[in-house]
Amino acid sequence: MNPVDKDQPYPVEVWTNADDVALVRRMVETDETALGALYDQWSHALYSLVLHLLQDPDEAEDVVEETFWHAWRKASSYEPSKGPVSTWLLTIGRRRALDQLRARKRHREDLTENGATFADFPSGAPDELEDAELSARREQVREALRGLPPEQREVLELGYFNGLSQSGIADATGQPPGTVKTRMRIALQKLRDPRVSGRGGEE
Amino acid sequence: VTTISHDEANAELAAVALDSVSSEIRDAVRAHAAACPECGPELAELESTVATLGHLVPPAQINRGRSAGIRSRLVMRARAERDSKSVPVPGRPDLTRGVASLTGLGYRATPGAQRVVTGENRRVTPAHPPAARDVSDKRLIRMLIAYAAAATLALATAAFQLIRTSGARRTLEHRIAAVDTLGPVTDSLNAALTRKNAMLALMTGPDVAVVPLLNQSATESRGRVVWNRATNDWIVIAHDLRAPREGMVYQVWLETTYARISAGTFTPDSLGKTMIQARQAIGRNALRSIAITEEPDGGVSSPTGPTIAAGTV
């Protein structure tokens with residue numbers, strides 16, 4: 001925690017994952033005020049994600065509430081070694097949003113795919129109050145997304161935004177399931193580490 | 001859970017991270033990854049990468065009122081769940097029981113004093129007088145008188161000791177009774193002192209922020225709010241407040257970008273003053289402003305009434 005702006009009425013400090021971890025520990029000790037604080041910190045990012053997936057504000061709000069309630073009930077299952085608290089929350093939220101998306105599709109065959117693409121992602125300026133590690137990682141993934149070949153990007157988009165299974169993506173793209181699997185894997189590995197090479201499915 | 005080979009699991013890691021597989025395959029891969037030193041960390045990294053994608057989506061504004069409602073519901077549900085699971089916490093020691101124990105100690109002292117009396121009695125009581133036919137009657141009578149006098153003296157001494165012991169016991173009982181009366185007073189003073197010290201500690205230190213409160217036209221001071229960001233304690237000190245209307249109270253709101261969080265309700269005293277304390281954790285940078293509104297008795301989940309005082313961070 002480092003003061004970054006001396007002109008503020010009192011020191012404004014960078015919120016880091018250590019602060020989130022402290023909140024989750026308090027949640028394990030059944031301190032409900034920590035749940036409120038975690039909501040203040042991450043509800044906006046979570047809502048943005050699930051709204052992007054569901055395209056429905058009411059459903060997105062339900063998923064946000066369910067996600068934080070799940071986090072409260074399962075706070076003891078969070079393991080800091082597996083990633084930041086925000087990753088944990090966004091993973092739970094995305095999974096629930098995709099479950100909702102799939103249930104919606106089961107009931108309404110006429111629904112078209114979520115047309116969202118990674119091109120919709122804005123090129124954001126770094127936030128000086130954000131955790132530097134998260135900020136750097138975000139920029140790395142954003143940069144790697146730009147460098148993905150179209151066929152890898154397409155597979156990733158169908159999986160990420162629509163929750164399609166590999167066979168569903170194969171049907172949607174007309175590609176063999178094995179090719180889809182390889183493209184998906186290489187694309188994600190490139191986002192994790194841009195030094196990974198290969199044109200997925202073509203090697 | 002279906003068993004899966006290392007190679008099969010490794011080939012599915014990306015699909016599992018993206019949640020693009022059936023639940024059967026997902027469970028099998030996760031079970032393998034939990035024990036595999038290669039697949040476990042890789043799956044964690046791929047999931048983290050997928051989650052990072054979530055940070056890149058365009059920011060969307062959640063309805064502030066509804067967000068405040070979600071937050072309130074979550075905290076209330078969590079509180080209700082915690083309270084339903086909690087067991088009664090032992091209270092502070094019962095002073096009455098403590099005094100009863102002291103009284104018991106005093107009672108136990110009494111037999112000891114009686115034993116002293118018994119000992120005294122033994123010391124002054126001589127052995128049985130020898131019977132002697134050769135001794136003249138006068139001498140016998142003098143001896144009997146002497147014994148009688150000694151016995152009387154011993155009895156008087158015993159009686160005196162008994163009276164003195166009883167007096168001491170009464171004094172002790174009176175003193176215990178006095179302690180019994182003063183106990184709650186002392187306890188109350190100690191508690192007040194402890195509260196005062198705790199409040200002073202909350203209001204000082206590097207983690208404390210102070211937000212001034214102004215009246216509606218922002219021309220006059222109405223108090224201040226002290227926020228201890230280390231302990232999440234809030235102390236609202238307000239003055240010159242008119243009495244709320246019939247059936248109404250004042251409610252304190254902590255306003256963040258996405259929510260208005262209630263920090264409690266209050267009614268000022270007859271001089272228009274109040275000092276309330278609340279515990280409410282919010283992000284260190286999340287607070288935007290603080291407001292006091294007039295609301296129906298019992299408070300509301302989001303502000304509806306006029307703003308009486310407000311302060312901006």
Side-chain angles (χ1 to χ4, degrees), chain A residues 9-10 12-13 15 19 23 30-37 39-41 43-45 47-49 51-52 57 61 64-65 68-69 72 82-84 86-87 90-91 93-95 98 118 120-122 124 129 134 137-138 141-142 156 159-160 163-166 169 181 184-185 188-189 191-192, chain B residues 11-15 17-22 42 44-63 66-67 70-79 81-82 85-86 206 208-211 227 229 232 256-259 261 279-286 313:
Chain A
Y10 52 84
V12 175
E13 295 168 337
W15 186 270
D19 299 307
L23 290 179
T30 66
D31 179 353
E32 77 279 2
T33 62
L35 174 63
Y39 181 88
D40 292 336
Q41 195 62 31
S43 59
H44 181 225
Y47 177 77
S48 300
L49 171 63
L51 181 67
H52 205 68
E61 286 168 12
V64 167
E65 185 165 355
F68 278 99
W69 184 244
W72 166 259
K82 289 193 174 175
S86 60
T87 294
L90 293 185
T91 302
R94 178 174 170 272
R95 196 170 290 156
L98 290 183
F118 292 126
D120 301 334
F121 287 181
L129 298 182
L134 175 61
R137 192 168 170 76
R138 199 155 72 172
V141 171
R142 200 194 305 274
L156 210 53
Y160 185 81
L164 287 186
S165 65
Q166 291 176 343
I169 297 171
K181 185 184 289 188
M184 183 180 278
R185 179 168 192 181
L188 210 49
Q189 284 176 335
L191 297 192
R192 185 188 64 178
Chain B
E12 298 288 354
L13 290 178
L18 270 172
D19 207 20
S20 289
V21 288
S22 68
E42 189 175 353
E45 281 202 35
L46 290 172
E47 285 186 322
S48 177
T49 303
V50 172
T52 306
L53 286 171
H55 286 290
L56 297 178
V57 297
Q61 284 295 334
I62 188 168
N63 179 289
R66 292 220 286 268
S67 180
I70 293 170
R71 188 190 194 281
S72 295
R73 275 198 302 279
L74 282 166
V75 172
M76 284 166 68
R77 279 175 78 187
R79 188 177 299 150
E81 188 188 68
R82 184 202 58 200
K85 285 181 181 172
S86 63
V208 168
V210 179
V211 181
W227 172 23
R229 289 171 293 163
N232 293 309
T256 69
T257 307
Y258 311 114
I261 304 144
R279 177 165 288 182
Q280 192 68 265
I282 70 169
R284 285 180 167 243
N285 302 321
V313 175

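Scope of the values below: all heavy atoms of this structure, side chains included, with no hydrogens, waters or symmetry mates. Since this is a predicted model, take the numbers as computed values, not measurements. A note on names: the letters A, B, ... follow the listed sequences, proteins ahead of strands, and every chain is numbered from 1.
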Side-chain contact test, heavy atoms from C-beta onward, threshold under 4.5 Å: evaluate it for A:M184 versus A:I169 and give yes or no. yes
At a 4.5 Å cut-off on heavy atoms, which part of A:L90 comes close to chain B: side chain, backbone, both, or neither? side chain
With a 4.5 angstrom heavy-atom cut-off, is it the side chain or the backbone of A:L51 that approaches chain B, or both, or neither? side chain
For A:T87 versus B:S48, what's the shortest heavy-atom pair and its separation? CG2-CA, 3.8 Å
Given 3.5 Å as the limit, does a donor-acceptor pair link the side chain of A:Y39 with the main chain of B:S67, or not? yes
Where is the tightest heavy-atom contact between A:F68 and B:L74, given as atom of each residue plus distance? CB-CD1, 3.6 Å
Residue part contacting chain A, namely of B:E12, when any heavy atom lies under 4.5 Å: side chain
Please classify the contact of A:R95 with chain B as side chain, backbone, both or neither, using a heavy-atom distance under 4.5 Å. both
Restricting to non-hydrogen atoms, name the atom on A:L49 and the atom on B:G54 that form the minimum distance, rounded to 0.1 Å. CD1-CA, 3.8 Å
Proximity breakdown for A:W69 and chain B, heavy-atom pairs closer than 4.5 Å: both
Top of B:V50, B:L13, B:I261, B:V21 for chain A proximity - count of heavy-atom pairs under 4.5 angstrom: B:V50
Looking at B:S20, B:S22, B:A14, B:A17, which has the largest count of heavy-atom pairs under 4.5 Å with chain A? B:S20
When rounded to the nearest 0.5 angstrom, what is the spacing between CG in A:L188 and CD in B:E42? 9.5 Å
